[in-house]
K.L.:
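So that we are looking at the same thing, I have put the structure below in structure tokens.
Start at 1 with the first residue, then count along the sequence.
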Amino acid sequence: MDLNKEIKKLENIQLEKPQQVFTMYLNTDPSDPDQQGGEWKIHLKNGLNNFESYLKEDGDPDEKRNFWTVKEKVQNYIEENEQNFAKSAVIIATGDDTIWFAERFQMPVESEFYWESSPVLDQLKQMREKFPKTGIILTQKNQIKCIDANLGMVNDTQLFELDLDTEDWKQHQGPHRANASMGSGGAKNTKQDQFQERFDANRYRWYKSVAPKLDKLAKEYEWERIYMVGDKEELKDLEDNMNKPVNDFVNKNLLDHEETKVVDEVVRQ
């Protein structure tokens, strides 16, 4: 999803009664102390009922019908998706089906409900500013992982692995884990020492050969922000050879960690 495009479309909406726009920001974050018992269900019920009570008193019949239509669609979406909720859910909808924006996000929101002539987009815009299209480049010796993330969610993962025989970087798409086997016992230690010496001697040259591939990825994914994660010296060699500017560095070894947890740790540090 391209949130920039969605916001631009929603910004142009201006309706007149009996048509109105329903906007919902719902905090479903299980790590939030106020959400330990699934309190979001109570917030949702109260938010919908408050509008219904108001419309029973003051709304015209057509506006009531439009709201009831939206309410039913919202409840259906919640029932179908609540098992997969992350930190928040956002719905913007009208009764005539001309507008239907419903997304689950890995970013927290404040629970808010609106029934107005235009969508209320302030929290969506805050998400976009806080978490633009992001690339996370993780290094670990002869392996480099790239995570493409947007709005706290992992969109794609690419792994570059150096073939030590050919000195070519092989690219694999999707989640991957590092290869840890290097023999056993004393043989393992000897191999590791030999590899470390060879790696240190050739690291700059090897990273120089992979840097254009990372620049190409950054362009294809349209990264607006780039993080590098790994050993300080490895990151310096890689950054020196990349054309794309790096926004921040994290000196931790997280290449083997689950991608969503990497995003949480790196971007929200």
K.L.:
Can you confirm whether more than 12 heavy atoms, excluding those of E220, are under 6.0 Å from its CD atom?
P.N.:
yes
K.L.:
Any heavy-atom pair between the side chains of K125 and R128 that's under 4.5 Å?
P.N.:
yes
K.L.:
Do the side chains of W100 and T94 get nearer than 4.5 Å, heavy atoms only?
P.N.:
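They are not in side-chain contact.
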K.L.:
List the atom of I92, the atom of P119, and the distance in Å for their closest heavy-atom pair.
P.N.:
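Residues I92 and P119, closest heavy atoms: CG2-CB, 3.9 Å.
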K.L.:
Side chain to side chain contact (heavy atoms under 4.5 Å, CB included), that's the test. Do L164 and F195 meet it? Break it down for me.
P.N.:
CA-CA 9 Å; L164 295 172; F195 168 74; 3.8 Å; yes
K.L.:
For D231, is there an ion pair with K141 - N to carboxylate O distance below 4.0 angstrom?
P.N.:
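No, K141 and D231 are not salt-bridged.
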K.L.:
Using modelled atom types and a 3.5 Å cut-off, is there a donor and acceptor pairing between side-chain atoms of K145 and backbone atoms of L159?
P.N.:
no
K.L.:
Might you confirm whether atom CD of E233 has over 12 heavy atoms from other residues, nucleotides or ligands at distances under 6.0 Å?
P.N.:
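Count not over threshold, so no.
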K.L.:
Going hydrophobic residue to hydrophobic residue with side-chain gaps under 4.5 angstrom, can you get from M242 over to Y204?
P.N.:
no
K.L.:
Q173 side chain to Q158 main-chain N or O, any donor-acceptor pair under 3.5 Å?
P.N.:
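Side chain of Q173 to backbone of Q158, a donor-acceptor pair under 3.5 Å: no, none is there.
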K.L.:
At what distance, to the nearest 0.5 angstrom, does CZ of F67 lie from NZ of K56?
P.N.:
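The distance works out to 10.5 Å.
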K.L.:
State plainly whether the residues E161 and K170 are in salt-bridge range, i.e. N to O under 4.0 Å.
P.N.:
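So E161 does not pair with K170 through a salt bridge.
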K.L.:
Should the pair E234-R203 be classified as a salt bridge under the 4.0 Å nitrogen-to-oxygen rule?
P.N.:
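So E234 does not pair with R203 through a salt bridge.
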K.L.:
Using the side chain to side chain donor-acceptor pair (under 3.5 Å) rule, take S117 and Q14 through it: C-alpha gap first, then chi angles, then the decisive distance, then the call.
P.N.:
CA-CA 6 Å; S117 59; Q14 182 75 38; 3.1 Å; yes
K.L.:
Would you please test E265 and K252 for salt bridge (Lys or Arg N to Asp or Glu O under 4.0 Å) and show each step?
P.N.:
CA-CA 10 Å; E265 183 163 350; K252 292 182 179 179; 2.7 Å; yes
K.L.:
Side-chain heavy atoms under 4.5 angstrom apart, residues restricted to Ile, Leu, Val, Met, Phe, Trp, Tyr: same cluster for L3 and V109?
P.N.:
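The answer is yes; both residues are in one hydrophobic cluster.
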K.L.:
As an exercise, state the distance from CG of D215 to CG of N243, rounded to the nearest 0.5 Å.
P.N.:
4.5 Å
K.L.:
Ion pair present between E167 and R198, side-chain N to carboxylate O less than 4.0 angstrom?
P.N.:
yes
K.L.:
Checking T23 against F113 for the side chain to side chain contact (heavy atoms under 4.5 Å, CB included) test, could you report, in this order, the C-alpha distance in whole Å, the side-chain angles of both residues, the deciding distance, and whether it holds?
P.N.:
CA-CA 6 Å; T23 304; F113 302 84; over 6 Å; no
K.L.:
Side-chain heavy atoms under 4.5 angstrom apart, residues restricted to Ile, Leu, Val, Met, Phe, Trp, Tyr: same cluster for W40 and I42?
P.N.:
no
K.L.:
Regarding Y227 and R225, is there a side-chain donor-to-acceptor distance under 3.5 Å anywhere?
P.N.:
yes
K.L.:
Apply side chain to side chain donor-acceptor pair (under 3.5 Å) to the pair W223 and D148, showing each step before the final yes or no.
P.N.:
CA-CA 8 Å; W223 288 340; D148 174 52; 2.8 Å; yes
K.L.:
Using side-chain heavy atoms (C-beta onward) and a distance below 4.5 Å, is I99 in contact with I13?
P.N.:
yes
K.L.:
Could you list the residues that satisfy side-chain contact (heavy atoms from CB on, under 4.5 Å) with S209, not counting sequence neighbours?
P.N.:
W169
K.L.:
Going by atom type alone, with no hydrogens or angles, which donor-acceptor pairs under 3.5 Å involve a side-chain atom of residues 77-86 and a protein atom two or more places apart or on another chain?
P.N.:
unit_1: N81; atom_1: ND2; unit_2: Y77; atom_2: O; d: 2.8
unit_1: E82; atom_1: OE1; unit_2: K41; atom_2: NZ; d: 3.3

K.L.:
Does the salt bridge (Lys or Arg N to Asp or Glu O under 4.0 Å) test come out yes or no for E224 and K133, once each step is laid out?
P.N.:
CA-CA 5 Å; E224 298 168 277; K133 291 185 177 181; over 6 Å; no
K.L.:
Could you state the interatomic distance from CE (M228) to CD1 (I136), rounded to the nearest 0.5 Å?
P.N.:
12.5 Å
K.L.:
Should M24 and E112 count as side-chain neighbours, where that means a heavy-atom distance under 4.5 Å?
P.N.:
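With C-beta onward as the side chain, the pair stays apart.
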K.L.:
Measuring from atom CD of E52 to atom NZ of K71, what distance do you get when rounded to the nearest 0.5 angstrom?
P.N.:
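Those atoms lie 3.5 Å apart.
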K.L.:
Any chance you could lay out the side chain to side chain contact (heavy atoms under 4.5 Å, CB included) test for E72 and N76, step after step, and finish with the verdict?
P.N.:
CA-CA 6 Å; E72 184 177 2; N76 289 339; 3.9 Å; yes
K.L.:
Using atom types as modelled and distance alone, determine if a side-chain donor or acceptor of T134 lies under 3.5 Å from a backbone N or O of P132.
P.N.:
yes
K.L.:
Which heavy-atom pair separates K8 from N12 by the least distance, and what is that distance?
P.N.:
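What the structure gives for the nearest pair is O-ND2, 3.1 Å.
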K.L.:
Mind checking whether R104 and V90 have side chains closer than 4.5 Å, heavy atoms only?
P.N.:
no
K.L.:
Taking atom CG of L55 and atom CG of D60, what is their separation to the nearest 0.5 Å?
P.N.:
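Between L55 CG and D60 CG, I get 8.5 Å after rounding to 0.5 Å.
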K.L.:
On a heavy-atom basis, which atom in Q171 and which in L217 lie closest, and how many Å separate them?
P.N.:
NE2-CD2, 4.3 Å
K.L.:
Answer whether the closest heavy-atom distance between the side chains of I137 and V229 falls below 4.5 Å.
P.N.:
no
K.L.:
Roughly how far, to the nearest 0.5 Å, is CG of L254 from CD of Q140?
P.N.:
9.5 Å
K.L.:
Verify side chain to side chain contact (heavy atoms under 4.5 Å, CB included) between V154 and Q106, making sure each step is shown before the conclusion.
P.N.:
CA-CA 10 Å; V154 175; Q106 283 282 1; over 6 Å; no
K.L.:
Could you check whether any side-chain N or O of T28 sits under 3.5 Å from a backbone N or O of S88, counting only pairs where one atom can act as donor and the other as acceptor?
P.N.:
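Yes, T28 side chain to S88 backbone: donor-acceptor pair under 3.5 Å.
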K.L.:
Using a strict threshold of under 4.0 Å (side-chain N to carboxylate O), is an ion pair present between K261 and D264?
P.N.:
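No, this pair does not count.
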K.L.:
With a 4.0 Å cut-off on N to O distance, would you call K236 and D240 a salt bridge?
P.N.:
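Salt bridge present between K236 and D240.
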K.L.:
Are any side-chain N or O atoms of D163 and backbone N or O atoms of D168, one a donor and one an acceptor, separated by less than 3.5 Å?
P.N.:
no
K.L.:
Can you tell if the side chain of T139 reaches within under 4.5 Å of the side chain of Y207, non-hydrogen atoms only?
P.N.:
yes
K.L.:
For E103 and K87, run salt bridge (Lys or Arg N to Asp or Glu O under 4.0 Å): C-alpha distance rounded to whole Å, both residues' side-chain angles, the deciding distance at 0.1 Å, then the answer.
P.N.:
CA-CA 11 Å; E103 292 288 342; K87 295 190 175 181; over 6 Å; no
K.L.:
Does any part of the side chain of E110, heavy atoms only, come nearer than 4.5 Å to the side chain of N27, both counted from C-beta?
P.N.:
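The answer is no, as the side chains (C-beta and beyond) never meet within the 4.5 Å cut-off.
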K.L.:
State, without any angle test, whether D200 and Q196 hold a side-chain donor-acceptor pair at a distance under 3.5 Å.
P.N.:
yes
K.L.:
Provide the closest heavy-atom pair for Y25 versus L124 in the form atom of the first, atom of the second, distance.
P.N.:
OH-N, 3.5 Å
K.L.:
Which heavy atom of K244 sits nearest to which heavy atom of I226, and what is that distance?
P.N.:
CB-CD1, 3.9 Å
